[in-house]
There are 2 protein chains.
Amino acid sequence: MNPIFHALFQKSRYLTNCLNEVLKQHNLYSSQWTILYCLHSNGPMTLTQIWKYLNVEAPSITRAITRLETLGWVLRIDGEDKREKIVTLSPYAEENLPAITKTILAFEEEMVGTLTVEEQQQFLILLEKMKG
Amino acid sequence: MNPIFHALFQKSRYLTNCLNEVLKQHNLYSSQWTILYCLHSNGPMTLTQIWKYLNVEAPSITRAITRLETLGWVLRIDGEDKREKIVTLSPYAEENLPAITKTILAFEEEMVGTLTVEEQQQFLILLEKMKG
DNA sequence: CCAATTTATTTACCTAGCTAAATAAATACT
DNA sequence: AGTATTTATTTAGCTAGGTAAATAAATTGG
């Protein structure tokens, strides 16, 4: 297999595992945090908005939101269009997000800080240049 | 989240899905193919050799090998050390691997061919430079 | 206005990774 | 030799992604 694929998949797995490790202190998994951050940035969103934004399929988000709701991080509210559910951060989430964000920023700095800003830009350009 | 992470995870998911799509014609999933290719390159291997080589945990490989064995792609043979199982490609696998390899090479060319050789090297260097 | 189609969400079930703990064989220690 | 530790594999159970199909509400067309 082309070493690029192997290296890319491997780094992706590795970074996900590291992120999970670091988020343990906040009782969160990386994908849960991704959703919380998404809601923090964009405000209340429907499930469809979330999965389209994060580029995953709907059932993944349904499940993740169900867990986040059970754990008290988010609330599901019926929309005017009664097919849709609007998801909002709970007060608990709002309260805890700053500390989590701090953890994440430190993690990102640790992982990506080994690259200069130019290298980071170059990396993104090359990633985008791969077909897709 | 740092856009590098988002982009990396997303591309990784995307490429895996594409690879699965392309491998459907051979009735294989990408991770199954990874193991077949590993055995093709290295010859018979124990489970431990496989998971260390592929950089995943042992249970993932146990399950994958069980499926590959059921499907007739590989054989599990007891080693001299009776704790270990040695995995080999079946004749069926040997017979079909060339066609699959052809499919994979075309896929890789399609995906990565948008980068020059220098860009591919640069990409690998940057990936490695991220902590890990 | 009602049937057909579309859209939003959910359910069921699959691969694929992970950790923790169980088993069984080999090795090391005293 | 007999116990303790290590090593290889497996099992159980978790997150996280995917597809296909079910459900329910909204929209469209005749």
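Because the structure is a prediction, the values reported are computed rather than measured. Below, chains carry the letters A, B, ... as their sequence lines are ordered, and counting in each starts from 1.
Base contact: A/Thr62 has a heavy atom under 4.0 Å from a base atom. Using a 4.0 Å heavy-atom criterion, one finds that A/Arg63 contacts the bases of the nucleic acid, with or without backbone contacts as well. Contacts of B/Glu57 with the nucleic acid, taken as non-hydrogen atoms under 4.0 Å apart, include base atoms. Within the nucleic acid shown, B/Asn20 has no heavy atom closer than 4.0 Å to any nucleic acid atom.
A sub-4.0 Å separation between OP1 or OP2 of C/dT10 and a side-chain N or O of A/Lys85 is present. Put simply, B/Thr48 has no side-chain N or O that comes within less than 4.0 Å of OP1 or OP2 on D/dT7. Of the side-chain N and O atoms in B/Arg67, one or more sit less than 4.0 angstrom from OP1 or OP2 of C/dA16. Between A/Thr46 and the phosphate of C/dA8, there is no side-chain N or O to OP1/OP2 separation shorter than 4.0 Å.
Minimum atom distance to the side chain of B/Lys82 is reached by C/dA25, of the listed C/dT9, D/dT9, C/dA25. Side-chain proximity of B/Leu47 to D/dT10, D/dA20, C/dG17: nearest is D/dT10.
Atom pair A/Gln32:CD and D/dG17:P shows a separation of 10 Å (rounding to whole Å applied).
Pairing each heavy atom of A/Met130 with each of B/Phe123, the nearest pair is SD-CZ, 4.5 Å. Residues A/Tyr14 and B/Lys131 come closest through the heavy atom pair CE2-O, 3.4 Å. The shortest heavy-atom contact between A/Thr62 and A/Thr66 is O-OG1, 2.7 Å.
Side-chain atoms of A/Arg83 come within donor-acceptor range of the base of C/dT7, with a qualifying N/O pair under 3.5 Å.
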